[in-house]
Each structure stands twice: as C-alpha cells, then as structure tokens.
Amino acid sequence: MEKIKELRKNQKKMIEGLAVCFIGGWAFSSIISGSFKEIGNLEYCGEINFAITILMLVLASAAMAGVYMLHDHLARLLMFGLVYLYLILCATNGYGMNWEEKTKNPIGLACFTGVLCLAAVFAFYYVKEDIFKLFKKTKINRKNANALVVVTGVLLFAFVGGVTVLRYLTYSNSTFDFGVFAQMFEHMKQTGKINTTVESNVLFSHFGRHFSPIFYIALPVYFVFSSPVTVQLIQALMVALPVIPILLLCRHYKMSHWMCVAVTVLYALYPATAAGTFYDIHENCFLTFVLLMAIWAVETNRNVLTVIFIVLTLFVKEDAAIYVLALGAYYLFSKRYKKKGILLMAVSVLYFVLALHIVDSFGGRALNINNAIFRNLQFDAEGGMLQILRTIIVNPAYVFGQVAANYSLDDMDKIEYLIYMLVPMVPVIFTAGKKYARYLLLTPFLIMNVFTSYVYLHAIGWQYNFGTIALMMYLLIMNLSDLNVKKAKTRIGVAVLCAGVMFMGAVCPKLGHYTEKYKENKTMYSQMNQGLDLIPDNASVAASGFLVPHLSNHLELYDQNHLETDVYTEYLAVDCRYSEEEKFDNILASNQYELIYSVEGAIKIYRKK
C-alpha cells in the first residue's frame, strides 16, 4: 500500500514537472521568437521555421527541467514569471493593432486584455502557494513598506508627468481642454481671477462652467514655475498623492506591510488611474486625494481634518457632491457614523444647490443635463432632473438596460469601459458579504459613469473616474480587511495581476507613442517654438487650436477655429500641420497682416501692419 502511495506521489510529481517545464519552455521560446508582435498575423505561423521553433521549445523545456530537478519551487515561480511576461508583452503590442479591421471588434483590445487576464489568473492560482511562501520569507518592516509605497507614487508621477508633458511638447493638446486651463492659471497669476478668453472666446470666468475653487491651492506652485508644463505636473502630482491616504487607510485597517504595498500598486496600475490624465489637467484630478483623505479623517475621528477635506472635495466641482452624498449614505445605513452620515448627506445636497446657483451667477448653464449628460433618461428633451427621477421610479428595467447601452452601433464603448473598470476590481469589491451598505459607495459609479449616455463619462481615457476610483479603493480596503489572510492575499494578487495586464495593454503604450512622436518631429517642434517666441507676451493673438496651449501666457487669446465672427488681433498663429489655414482666409484677405515667420508644413506667424 505504501509503495502504491509512493508511486502515485511520484507520478503526480512527474506530471507536474512535465507541465511546468513545457509551459515555461513554451513561454520562454515564444518570448525569444517575438511571436507577441504577431497578434493579428496568421501568415507568421507559415513563414517561421517550424523546426527551429520546436528546437527552441525543446531546449527551453530541457532547461526548465534542469531547474525543476534542482528546485521545483523555483521552477514553478520561473514558469509563472515567464508566462506573465509573455502576457504583458502581448498586451503591450496589442495596443498598436487595428482590432476593428483585423477582428471586426471595435473593443478588441479590451477583450484581448481580458483574455490575457484570465490566463494570468490561471497561472497565478497554480503557483500562488509558492508566491506566498516567497513573500513570507521576504519580510519587510514598516519603513521598507513605506519606501515601496513612495517609490510606487514616484513612478506613477513620472509616468503621468511624462505622458502629459510630452503631449504638450508635441503640440498634441488643444484649446479644449488644456488650453483653457493653461490660460486660466496665467489669468489667476496675473489678475487673481479664474478667467479665460479661449473657453468662450470672450473674457469669461471658469466658474461659469464649473465651480472649482480647488485650483487656487495649486496657484502658489504656478507662481513659482509659470509654465503649461507645471500645470501638467500639478495633475501628475495629484494623481500620485493618493498613495498616501491609501497607505493610511490600510494601516488603519491593520493590514500587513506587503498587503499595504499591494493595494497601492493596484491603485497605480488600475487602468483608469493614469488614463484619466490623457486629455490633460481637469479639476477632477484633485478628487481621489482629497476624498480619500476625508475618508481617512472620518475613520480616525479627526474632525478638523474631516471638515477641511470634505470642503476641499466639494470645492473640486459642483457634482463632487454626489461622492460626499454616497459616503454619507454609507455611513448612515451601515450605522457606523450615523450622525456624520446624515450631516454629510445634508451638506452635499445643500452645497450642490448652492454651487449650481454660483455657476449660474457667473453666466453659466450649471449642470446642463438637457444638453448631454443624462439625455438617455429623459423622455422629453426639456424634462430636467425631476424627469430623470421619474424614469428611475417608473421604469427601473429601462435604467438597468442602459448599462449595456453604447454611444453608437459601432462603438460598444460602455462594454469596453466596464471591462477595464471591473475586471481588476471584481475579485475584491464584491466580497462584502452581508454588509450591503458598502455597495452604496458604488452608486456614483452607476449614476455618473454607467447609466449615462454621455460617452466621455464612461471612458477610462477621460477625467470622470477619479471620484469613483476613491470610493472603489475604500470599498476594496474594507473588504480585504474582512477576509482571512489567505483569501485576502489571493484576491489582491489576482487584482494586481489583472490591473498589470490592462495597464500594459491600454495605458503604458501611450508613453512610447508620445516619446517616438517627439523624437521623430523634434526639429519641427523647435521651429514652431521659435515662431511663437516672436509674439510679444502682451500682444493679443488668434491661433489654431493646437497652438493655444503654447500661447497661454497671453491674456487676450482666441481659438480661431471656434470664433463665430472675425477678430483682428495683433498677431495670428497658424498651425500648418493640418488643413486649418482656411479658417484665417477672411482675416488675411483684409490685407491687414504681414507674414513674419513661416515653416512649410508646420507654422506661420502673421503680424498686424
């Protein structure tokens, strides 16, 4: 009987060894051959030398077998490492493929990375015990954990700063919206007012669009370093800073040092975190940090800090009140902080009404729901908020159906959005058990991002996810703290691996894209800079949209593309990279301007005679 048991044990070991060696060798030979670059190329299979491929596979598997015989634990870890490396290389190269053409699937990249996540999870579950043993042996103290969190934040800052600054240097951002905010900071510096001339092509307060006094806390930085680059780096800093309250919350919930690091890494790799900056700075970028700091202050009974950070959260934007309202509802119905919950709900509603009146007083349209955001919930285009409430009450089935409603027949944008937002989070955020009140934290995600038909609200590449991310991270931390250690490690491991695949597939390639763009056209960008430098700082300018951010130091500046009537400014700046010169035809036909600088296919500068 003992011999049979021993034989079965050895048989199991042999089968495992063969599987580990073959899969590890297959992953390694696939990396070496570069097959991850041929995602859409079936002909590659016929063109490559099959005999050499098999030889590489055999040699790689044999090398893995040698490792397995010496140390099976190390071989399993190596196999997982090679598989995951191959998967993220596939994800990165999937970014450049035309999925709609190759697969007839406009959201092919999201689906592809979802499949890669599934493969990564299978590989992880096979070796998770080996990984847990490795981390258990590699003990870290509080100081080392803090250092790793800081490194995570610095790397996130560097990535976001790199992408967004390169967008500026390559003339890739336009008037809307970076030109608006860049000029707004210059107005704030010189006049103290949050004005622009490019948002509506007249001198106009940004408070007429959104009530966002939060920008004033960043003004001292701009005073010292007055440049559009600084504006982009302010955003990068605000996106990186949330690692601090995330760490503080993890400590409050008594997580291990490694768990604290894992949660902050998940935040940094989460696709919507960095991708939310890809259309440049917006007030929303402040939300994640100030909201998480407010949550930490409530959790630790720091009442003064609670007031400060709740006020800062509300100062981000008028609709930031919905995140405070959801937070208050959670505290009330979970019975954790009932009085604070009621107070937060009351303050958020009152502030929202007040903020809308402030926006209206500056000549704005407040939250112009009739025009765009919740049009899909209105059976009458002039219905307003009360009609949206009526739709929710009368026909909840229709509202739930809007989860799958896309912007157009060809886009499938909502499905793509849900894949990116939920795949990394699902392993943890839906493990609250019977603590149903926690799911109230997801209501802003449903209302603001999922039920709406406004396409930018359900896209990871825009700025509308930062409040949702804060509440999701809070829910994730609470849920993890309730799980036993083994389950918590498994769930966070799966979440980090999935986030890593999606980050490499949908987010990381942006840096390479703008880096290459800058290298290829560096001379042209330098020539464009030289042309714009000829315009005196105090001169009035009308410019093409992609030149506006580089002219944001001019207090009287207009986007020629959006002018309804001709404006005869002192200078004209024409972007010749695109077919925009005709926008200036009427003005130039007046014969009031002389050409003072020209680079073919790049830029022309005109001065009024």
Side-chain angles (χ1 to χ4, degrees), residues 242-255 259-260 262-273 276 287-300 306 309-310 313 320 322-337 340-341 344-345 348 403 417-451 460 464-484 487-496 498-499 502:
V243 299
I244 296 173
I246 288 172
L247 176 61
L248 292 173
L249 281 167
C250 289
R251 298 274 189 228
H252 176 68
Y253 279 91
K254 304 186 186 308
M255 291 185 180
M259 192 65 72
C260 292
V263 174
T264 54
V265 169
L266 173 62
Y267 165 74
L269 293 177
Y270 188 54
T273 299
L287 257 177
T288 312
F289 175 69
V290 294
L291 185 53
L292 283 171
M293 285 300 298
I295 291 168
W296 172 75
V298 172
E299 289 273 355
T300 55
T306 297
F309 283 106
I310 288 296
T313 299
I322 192 173
Y323 303 105
V324 178
L325 179 66
L327 186 62
Y330 162 65
Y331 287 139
L332 172 61
F333 289 102
S334 67
K335 299 179 181 179
R336 295 186 62 195
Y337 309 102
K340 289 181 180 178
L344 288 176
M345 292 177 72
S348 63
V403 173
Y417 176 71
L418 290 172
I419 291 172
Y420 284 130
M421 291 295 287
L422 292 181
V423 168
M425 288 292 186
V426 160
V428 185
I429 62 172
F430 295 111
T431 60
K434 294 183 178 180
K435 297 179 179 179
Y436 302 118
R438 289 183 183 177
Y439 295 119
L440 289 169
L441 297 170
L442 296 178
T443 52
F445 170 59
L446 293 174
I447 295 170
M448 293 295 292
N449 303 111
V450 177
F451 290 153
I460 64 166
Y464 298 105
N465 298 301
F466 290 119
T468 291
I469 291 171
L471 295 182
M472 278 188 173
M473 292 304 300
Y474 181 36
L475 175 58
L476 177 141
I477 290 167
M478 288 192 291
N479 287 354
L480 279 176
S481 69
D482 288 343
L483 298 173
N484 64 49
K487 282 186 178 179
K489 289 190 293 187
T490 300
R491 298 296 177 89
I492 194 64
V494 169
V496 169
C498 291
M502 291 191 156

* Of the non-hydrogen atoms in L440 and A329, which two are nearest, and what is the gap between them? -> CD1-O, 3.6 Å
* Any idea which heavy atoms bring L266 and A495 closest together, and the distance? -> CD1-O, 3.5 Å
* Decide yes or no on side-chain contact (heavy atoms from CB on, under 4.5 Å) for L441 and M472, but give the supporting numbers first. => CA-CA 7 Å; L441 297 170; M472 278 188 173; over 6 Å; no
* Find the distance between OG1 (T490) and CG (L483) and round it off to the nearest 0.5 Å. => 9.5 Å
* For side-chain contact (heavy atoms from CB on, under 4.5 Å), just list the numbers for I477 and H252, CA-CA rounded to whole Å, side-chain angles, deciding distance to a tenth of an Å, and then say yes or no. => CA-CA 10 Å; I477 290 167; H252 176 68; over 6 Å; no
* For C260 and C250, work out which heavy atoms get closest and say how close. => SG-CB, 3.5 Å
* Asked: Do you know which two heavy atoms are closest between N479 and I429, and how far apart they sit?
  -> ND2-O, 3.1 Å
* Asked: Can you check side-chain contact (heavy atoms from CB on, under 4.5 Å) on F466 and F289, steps first, answer last?
  -> CA-CA 9 Å; F466 290 119; F289 175 69; over 6 Å; no
* Decide side-chain contact (heavy atoms from CB on, under 4.5 Å) for L446 and Y439; before the verdict, give the C-alpha distance in whole Å, the side-chain angles of both, and the deciding distance to 0.1 Å. => CA-CA 11 Å; L446 293 174; Y439 295 119; over 6 Å; no
* **Nearest-0.5 Å distance that lies between atom CG in L471 and atom OG1 in T443** => 8.0 Å
* Straight-line distance of I310 CD1 to L327 CG, nearest 0.5 Å -> 6.0 Å
* Asked: Is there a side-chain contact between I469 and L287, using heavy atoms and a 4.5 Å cut-off?
  -> no
* Hey, does the side chain of Y270 reach the backbone of M421 with a donor-acceptor pair shorter than 3.5 angstrom? -> yes
* Main-chain N/O of L475 paired with R438 side-chain donor or acceptor, under 3.5 Å -> no
* Structure fact -> Closest heavy-atom pair, E299 versus L249, reported as atoms and distance to 0.1 Å, is CG-CD2, 4.2 Å
* Y331: what forms a ring pair (Phe, Tyr, Trp, His ring centres under 6.0 Å) with it, not counting sequence neighbours? -> Y337
* Main-chain N/O of Y267 paired with T273 side-chain donor or acceptor, under 3.5 Å -> yes
* Do Y420 and M502 have side chains that get closer than 4.5 Å, going by heavy atoms? -> yes
* Does the N484 side chain pair with the main chain of K487, one donor and one acceptor, at a distance under 3.5 Å? -> yes
* Asked: Which heavy-atom pair separates N449 from T468 by the least distance, and what is that distance?
  -> OD1-OG1, 2.8 Å
* Are any of the side-chain heavy atoms of N465 and Y417 separated by less than 4.5 Å? -> yes
* Going by heavy atoms in the side chains, are M478 and Y330 under 4.5 Å from each other? -> yes
* Asked: Just how far is it from atom CD1 of I295 to atom OH of Y323, taken to the nearest 0.5 Å?
  -> 12.0 Å
* What is the distance from atom CG of L248 to atom CG of L292, rounded to the nearest 0.5 Å? -> 10.0 Å
* Structure fact -> Separation between CE (M473) and OG1 (T288), nearest 0.5 Å, reads 10.0 Å
